[in-house]
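Notes follow once the structure below has been shown.
Residues: numbered from 1 along the sequence shown. Below, all heavy atoms of this structure are taken into account, side chains as well, without hydrogens, waters or symmetry copies.
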Amino acid sequence: MRKKILCVIMSAVLLCALMLPAFAEEADNGYNPVLIVNGISEFTLVDGNENNVFPLDSSQTTELVTKVAPSVAKYLVDKDSDALMDTLIPAFYDWLSPLTCNPDGSVADDGVHLKYQFKESVDVEGIENVNCADAMDKDLLLATVDAVGADKVYVYGLDWRLDPMVIADEINEYVQHIKEQTGYSKVSIAAISMGGVMVSAYLAKYGYADVSHVTMISSAFTGVDMVGQLFCKKVVLDEAGAQRLVNQLISIKGVSKVLEMTGLLKRLVPLLGTLVDEQIDRVYDEVLIPIFAYNPSLWSFVDDEVYDEAKATMLAGAEDSFIDIIDNYHYNVQAKAADILKGAKAAGVKVAIVSNYNLQIAPITERSSYSADTVIETRHTSGFATVANLGETLGDGYKQAVPSSKNYLSSDGVIDASTCYLPDNTWFIKDMYHVGFDIESNNNDIYTWLMTADKQMDINSNPVYPQFNIYEEDIKLLHPLDMLAGDVNHDGKVDLVDARLVLRTANGLETLDTLGALVADFNGDKSITEDDSLLIMKAVAGVE
């Protein structure tokens, strides 16, 4: 009897032992946990009554517009800029004043706080909760959950009024908590927009021992030219830039063309220019300086080229302790960004930078012709690639600035990536908006690939993701810049031959190579069907 019992026990133990690898594989896909560090305005700031402070909700925006609209209409008739400012300045000051920092850099209103902040994984917090946090990058969050599992995805929403070095401490707390909760020794960190500032501060302060990946996504880790210019009080309205911005933002066909034909912008821009000339001192003295000048995080956007000039312009009333705070970040983090990222890579961290280009930023400074992603200039999100201005190229005879056996020039003649901090680990996406992630397209795949790679990826690691790519928003397809959407046979044109190949593929009669399959998905639904073939035929025929 004892032998039978012993045999049963041994059999059970052996069976469990054989099953353990299967259970382990099912429970753990091997990917490190991912911490997504968001940017400015991604998570809403609210007051003590839970009313939105920044950004405003739709009803608050309507209320603000309603309040100022009559004065704007009156100004268009009488051109009395003083009367206009008498209405605009109090209205905007009332809205923005809860965001004010004191001259020492401390938060003036302690009652203002993040509406949402999530310490636990998406699995614990609930995807429906994390996904309602007003984050523009929520589609990337969803894609990351799909890639690594909700139990391994964490989100940090930053309070952008705080010193980046203080936020670095909070990120470190998150990292240690994630390690404790998951049992992993390292965390993959994705830094989006202003999140790149905070992750740079974290790396400078805490090093690389706890980090497996750093993926900079449309990140401001080297500053923002537009902010630096504004902090130097260099406001210039750019008519051509305004027209480009209208062309980008207005989705109703023909509207931007009508604006161009009627000359409305040509009349409006000089009018706004006159308003700026007459009222710029008042706007800075009564709104911009008292509300934004003492915000330590915003100073992380001021690049080294204009940093001293900006301090002289904005900080006449600042305390020495505040200067120490912003100098600490500027000289020990931003100025050392290249060393920080190269040091991380040398320590075994898998580092990647993804930068968007060919879009217009707000046309309010003399640098508004710089190629951008609508929010941050490409030269900054790429770690200082050499980038032609919008509508221009680097020139027919241009040679890459850093001699190399490798070619770092984009085929459209716009970018020289040889001057980047990490030219072999920097990817570009043409025509993709700042944090323009879309779960319905394949444009998240490049990010999740980089966040989860089992080794250091470079621009030659995967032909699907070369150094230069393009995002076609109308068909929601990201593909190599040198390939046409629909050109499945790689002959440089899209024609009925491609449509036929796609149709045969959809019916199981043809097998396309990896890149062919990518550009065959003409409607961006992540599958190859007869609909893609039909759309290609319509495109060839010029039928929408």
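In this structure, W160 and F54 have perpendicular ring planes: the angle between them is above 60°, well past the 30° mark. Using bins of under 30°, 30° to 60° and over 60° for the plane-to-plane angle, the ring pair W95/F92 lands in the tilted bin.
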Would K476 and Y471 count as a side chain to side chain contact (heavy atoms under 4.5 Å, CB included) if you check the C-alpha gap in whole Å, the side-chain angles of each, and the deciding distance to 0.1 Å?
CA-CA 7 Å; K476 297 185 181 301; Y471 181 58; 3.8 Å; yes
For D339 and Y421: C-alpha separation, side-chain torsions, deciding distance, then whether side chain to side chain donor-acceptor pair (under 3.5 Å) applies.
CA-CA 9 Å; D339 294 336; Y421 287 162; over 6 Å; no
Pair Q279, D82 - check side chain to side chain donor-acceptor pair (under 3.5 Å), show working.
CA-CA 8 Å; Q279 299 294 336; D82 288 323; 2.8 Å; yes
Kindly determine whether L515 and M483 satisfy side chain to side chain contact (heavy atoms under 4.5 Å, CB included), including the steps that lead there.
CA-CA 9 Å; L515 289 176; M483 294 190 68; 3.7 Å; yes
Could you check T448 against D445 for side chain to side chain donor-acceptor pair (under 3.5 Å), going step by step and ending with a plain yes or no?
CA-CA 5 Å; T448 55; D445 296 347; 4.7 Å; no
Begin with the C-alpha distance, continue with both residues' side-chain angles, and end with the deciding distance and a verdict on side chain to side chain contact (heavy atoms under 4.5 Å, CB included) for F468 and V414.
CA-CA 11 Å; F468 300 103; V414 172; over 6 Å; no
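Side-chain N or O atoms of E377 include none that pairs as donor or acceptor with a backbone N or O of R379 at under 3.5 Å. The backbone N or O of M165 sits less than 3.5 Å from a side-chain atom of K205, completing a donor-acceptor pair. Under a 3.5 Å cut-off, the side chain of S441 and the backbone N or O of N443 do form a donor-acceptor pair. Side-chain N or O atoms of S188 include one that pairs as donor or acceptor with a backbone N or O of M451 at under 3.5 Å. Remark: the backbone N or O of N52 is paired with a side-chain donor or acceptor of Q60 at under 3.5 angstrom. Remark: side-chain polar atoms of N442 are paired, donor with acceptor, to backbone N or O of L478 under 3.5 angstrom. Looking at N425, its side chain does come within 3.5 Å of a backbone N or O of M457 through a donor-acceptor pair. Formation of a donor-acceptor pair under 3.5 Å by the N38 side chain with backbone atoms of Y156 is found in this model. The backbone N or O of M432 sits nowhere less than 3.5 Å from a side-chain atom of E473 that would complete a donor-acceptor pair. Side-chain N or O atoms of T378 include one that pairs as donor or acceptor with a backbone N or O of N356 at under 3.5 Å.
Counting only N and O atoms by type, the side chains of D277 and T274 include no donor and acceptor under 3.5 Å apart. No donor-acceptor contact under 3.5 angstrom links the side chains of H434 and T374, judged on distance only. Defined by atom type and a distance below 3.5 Å, a donor-acceptor pair is present between the side-chain atoms of D416 and Y398. Between the side chains of D431 and N358, at least one donor N or O lies within less than 3.5 Å of an accepting N or O. A donor-acceptor contact closer than 3.5 angstrom links the side chains of T419 and T386.
When side chains are defined from C-beta on, K493 does not count as touching D487, because their heavy atoms never get closer than 4.5 Å. Under the 4.5 Å side-chain criterion, counting only non-hydrogen atoms from C-beta, Q243 is not in contact with P363. L298 is listed as a side-chain neighbour of F231, based on a closest heavy-atom distance under 4.5 Å. T44 places a side-chain heavy atom less than 4.5 Å from the side chain of P55. Inter-residue side-chain proximity for S218 and V375 is flagged as unmet; no heavy-atom pair is nearer than 4.5 Å.
With respect to E472 and K430, no salt bridge is recorded, no charged nitrogen being found less than 4.0 Å from a carboxylate O. Salt bridge present: K234 and E309 bring a charged side-chain N and a carboxylate O closer than 4.0 Å.
Atom CD of E392 sits in a crowded spot, with more than 12 heavy atoms from other residues, nucleotides or ligands closer than 6.0 Å.
Separation of the W449 and Y465 ring centroids falls under the 6.0 Å cut-off. Within the 6.0 Å centre-distance limit, the rings of F437 and Y447 are counted as a close aromatic pair.
Each of Y307, W299, F301 was compared with H330 under the ring-ring contact (aromatic ring centres under 6.0 Å, His included) criterion, and only Y307 meets it. A side chain to side chain contact (heavy atoms under 4.5 Å, CB included) with Y202 is found for exactly one of I189, V214, V37, namely I189. The side-chain hydrogen bond (donor to acceptor under 3.5 Å, both in side chains) test with S368 singles out one residue from N389, D238, D225, and that residue is D238.
Rounded to the nearest 0.5 Å, atoms CD1 (I459) and CZ (F428) are 9.5 Å apart. Here the CG-OG1 distance, from L230 to T313, works out to 11.5 Å after rounding to the nearest 0.5 Å.
Among pairs with a residue in residues 65-77, those fulfilling side chain to side chain donor-acceptor pair (under 3.5 Å) read S71-T87, K74-D78, at least two apart in sequence or across chains.
In this structure, T393 has no side-chain contact (heavy atoms from CB on, under 4.5 Å) partners at least two apart in sequence or on a different chain.
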